[in-house]
Structure formats: C-alpha cells, structure tokens
There are 2 protein chains.
Amino acid sequence: MRVRKKSESAVVGPEAQGTGRGARKQMTRERLLDAALTLMNDGHSFPSISLREVTREAGVVPTAFYRHFRDMDELGLALVEECGLTLRRLLREVRKAGVPTTDIIRHSVAIYLQYVRANPRHFRTAASERHGGSPTMRQAIRNEVGHFIREMAQDMRLIGYRSDLPTDALEMICSLVINTMLNAASDILDLPADQPQLARELEENFISQIRLVFLGAEQWRAETAASHKR
Amino acid sequence: MRVRKKSESAVVGPEAQGTGRGARKQMTRERLLDAALTLMNDGHSFPSISLREVTREAGVVPTAFYRHFRDMDELGLALVEECGLTLRRLLREVRKAGVPTTDIIRHSVAIYLQYVRANPRHFRTAASERHGGSPTMRQAIRNEVGHFIREMAQDMRLIGYRSDLPTDALEMICSLVINTMLNAASDILDLPADQPQLARELEENFISQIRLVFLGAEQWRAETAASHKR
DNA sequence: GCATTTTGTCAACATATGTTCACTGAAATG
DNA sequence: CATTTCAGTGAACATATGTTGACAAAATGC
C-alpha cells in the first residue's frame, strides 16, 4: 500500500481558472503544445524533440501525453494549425490597418515585423518546418501557406490592386511576397539580440526586397508570360 | 580466445579503387557523409538522425564513426561544405553557358532545375537545414549562401548587368533570386514523382517569379530606396 | 449518493542511443 | 623482416526513449 502525498493532480497552471473537466483537459493540452513550441524555439527542430521532452517541459508525466495526442505527429499537426491561426490573425490585422495611400509597404512591413517579434515561436516553427521537418508536417504547412496565399490574393483583388491580372498571376505574386516574408522572419529571429544595428540593416533589406517585388508586379503583364510560353 | 572469421576489414565499397590507407579512410568518410545525405533525403531532418543510423546506413560499426568525426555536429558541417561545393559548381556551369541574349531566364532556370534533379539530396539538405536544423548547421548554411550571393552579384557586375547600381542593391536582388531558387527546389523535390503535370506548373510558376524579380530589378532605382529612407 | 467516465500518475518493459575500452589485422615505416 | 600506426571491430555501459497496464481521484451522469 502506497501513500500518496503529492497527488493533487499536480498539473495546475498559473492561470488555471477553468474549473470544468473539459476545460482543464484543454488547458494541459495547450500546455503540451506550448512546451513543444518553446522547445523548438531554442534550436531543436521538431522531429528531433522527443515525446518525453515535451511532457517534461509541460510538467506532466509522459503517459499523460496519450490522453491528448496519438503520437508526436498529431501534435505536430495541431502545432501547424496554431501557427496558421497566428498568420490569419496577422493578415486580419494588416487588413484592418486599411490602405494607407503613402508608403504602404513600409507600413505593412512594420506591422509584420512587430507580429513576428510578438510571436517568435510560431514564426520560427513555420519557417523551420516548412522545408525541413517530417513529411506530414511539411505537407500541412504547405497547405496552410497555400490558404494564406489565396487569401492574400483575394484581398488584393478586393482593394483593386492590379485587377486586370488573372488570379494565377496574383497568387504567383503573393507567394513570392510570402516566401520573402517567411524568409525574413527566420533571418530576423536568428539575429543575436544585442545587435540592433544588424536588425535595422536586415529590416531595410527586407523592405527593399518587398518593394522590388511590387515594382516588378506593377510592370507585370499577362502577355509577357504568355508570349514567352509559346 | 575469440575466433574471427568475418574480419576482412568488412568495409569495401563497390567502387573501392583507392589502395592507399589514407585513400581508404577518406572513402569510408565519404560513405558516412553519403549515408547521412541519403537518410535526410527520405524525410528525416538532420538533427533527428542518429549517429548509429548513419553508421548502419554506411555499413560500418558505430564506433568507427569517431575515426572521422568528433560528433554529429562535425559531420553536419562537412555536409554543408559539400552542398556548398555543389552550389558553386552550379554557378560555374551557368556562367559557362555564357550570356544567351534571348530568354536567358528560362535558359538558366532549365540548367538550375536539371542540377537540382541531379543532386536532389544536396538541395534538399540545403533547403531543409537552412531554417530548421541545429543552430550550428544553420549558421554554416547561412554563410555558404552568403558567399554564393556575393559571388553571383559579382558575376552580374562582370557581365555588366545594372552596372549603375551599388553592390548592396545587387546583392539584395541576388539574395531575392536565390531565396526563390531554394524555395522552388524544395517544392519541386517534394512533388510526387508520378505527376509530371504538377511539375510543369510549378516550373512555370518558378520562371514567372524569377522573371518578375528581374522585371523589378530593371526598374529599381537607388534613389527610390533612398528617398523613402529619409 | 452511487456508479461511471476520464485525466493524470506510477511502475515497468523492451528497445535505441552515445560513448568507453580493449582488440585485430593490414598498411606504413625503419 | 620486425615494429609501429591506425581504421575498423565487438562487447559492454549508462542513459533515454516510446509504450503498456493498473491505479487514483476528481468531475460527471443518473
């Protein structure tokens, strides 16, 4: 007969307000996701972190993991979804900012970078597992980014930007922009924190790249591509 | 007293021509590198593959690893160097192709894609560990890509492309191009092999993106950036 | 208020990992 | 030819991992 002294459910988050059972479950679920995100943030890539590491970081016993996910792959997918949500929120934010007539690019970039710095783990995860990671996760991210691209293209259509172009072309442009964005996010998050000068340079470079892309986009003619195709 | 029957050095590659001792050593070293590259090619990202897996794939006992590398990190760096060499070779190839006056972009892209398909493991590794991977490896790749960018910018200067622009601007443009290239490589290598139609589409999209970048590059004015900076 | 779910814990397992050490046998050295 | 060097072997270690099963106790359902 064992005596348990330290068995008052052990897992009580600092902000544990949810009193229901399902609420508490979701709480530790988020704990696990958060733990994985945190682990990924300092160097480790997702496929290299172990189930036990995650539970350790989350302050939970390894077996508790299975109450929430079948395996690490499933957690990975949930993670991707979370990152996707962050990206959508970002898009909504930029959209809300309206269409400042002057220097729209610099403005949007500023919002974007602010967002990146506010959610470093999400962006690092997205950038890092997009081409690396497990095939499952990679595919999931590809989908998520695809949705994002389409959404952005639709936005541009709505504000009437290059409304003469077919959807394909708009999406092509947007994907170029988003690639550049994710790339910049990764670069910026990797900077040593004590080098603000480097950050400024990188930021200016980033802005230039986006500006250049839109410079090209303004010149883009559907016939250009078509004429070269045949 | 143990009897050894199967101990004729066990490790003899198919194309084992090198007869010297150092030669044979370098041979198994390459075996290890090759094994790692192969493992990475089917899904696993570098930090997730184990020392033992590598030696297993290389057909060598685990302890033999230490005769060549201190640890996996060191092997990772060697791997990056190898990928860098491949990239340089590619650049030389494109350079050798000269400056076809018409449709230079389509031409270069063709050479590039051919190269990517010929060395899928190198490109997958580069693309995948660039943002993911261990910090050490990531930094190494960043350096390698940086060299590549500078080299390419210098090339463009030599052929007189936009010779009016400062070096910064040229490098900014090149880094945009290279990002797009690495991105496309990753996308293309992830395609299911039985979907040539998808490959064509992706390829056309890739060409369009590069074309758009150069369209922007032709319009780029140093003053544009400058005027917005102040 | 009792029975039932259900979230999390504990103990234990088979297996995989990185690393050590002493060894072998062929190439290099003299 | 005798000696030394050293790339590769084999056995063994401590440790870490994923996963199972039985159990505790709090929330839920009746």
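In what follows, every chain begins at residue 1, and chains take the letters A, B, ... in the order their sequences are listed. Remember, it's a predicted structure, so these values are computed and weren't measured experimentally.
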OP1 or OP2 of dT17(D) under 4.0 Å from side-chain N/O of Arg56(A): yes

Closest listed nucleotide, where the reference is the side chain of Ser50(B) and the choices are dT17(C), dG8(C), dG18(D): dT17(C)

Under-4.0 Å side-chain N/O to phosphate OP1/OP2 contact, Arg24(A) with dA25(D): no

Tyr66(B) or Gly22(A), whichever maps to the more 5' nucleotide of DNA chain C: Gly22(A)

Spacing of Arg52(A) atom CZ relative to dT17(C) atom P, expressed in whole Å: 16 Å

Short side-chain to backbone donor-acceptor contact, Arg31(A) and Ala58(A), under 3.5 Å: yes

Value in whole Å for how far the C1' atom of dA26(C) lies from CE of Met27(B): 14 Å

5' priority, DNA chain D, between Lys25(B) and Arg70(A) [closest heavy atom]: Lys25(B)

Phosphate-side-chain proximity, Thr28(A) and dG8(C), N/O vs OP1/OP2 below 4.0 Å: yes

Contact nearer the 5' end of DNA chain C, comparing Arg67(A) with Arg21(A): Arg21(A)

Contact check, side chains of Ile149(B) and Val145(B), non-hydrogen atoms, under 4.5 Å: yes

Side-chain donor-acceptor contact under 3.5 Å, Arg138(B) with Ser128(A): no

Nucleotide nearest Val61(A) when distance is taken to its side chain, options dT9(C), dT19(D), dT9(D): dT9(C)

Rounded interatomic separation in angstrom, taking CZ from Phe69(B) and P from dG18(C): 15 Å

Neighbour count above 12 (heavy atom, 6.0 Å) for Glu74(A) CD: yes

His44(B) NE2 to dA16(C) P, straight-line distance once rounded to whole Å: 14 Å

N/O donor-acceptor pair, side chain Thr63(A) with base dC10(C), under 3.5 angstrom: yes

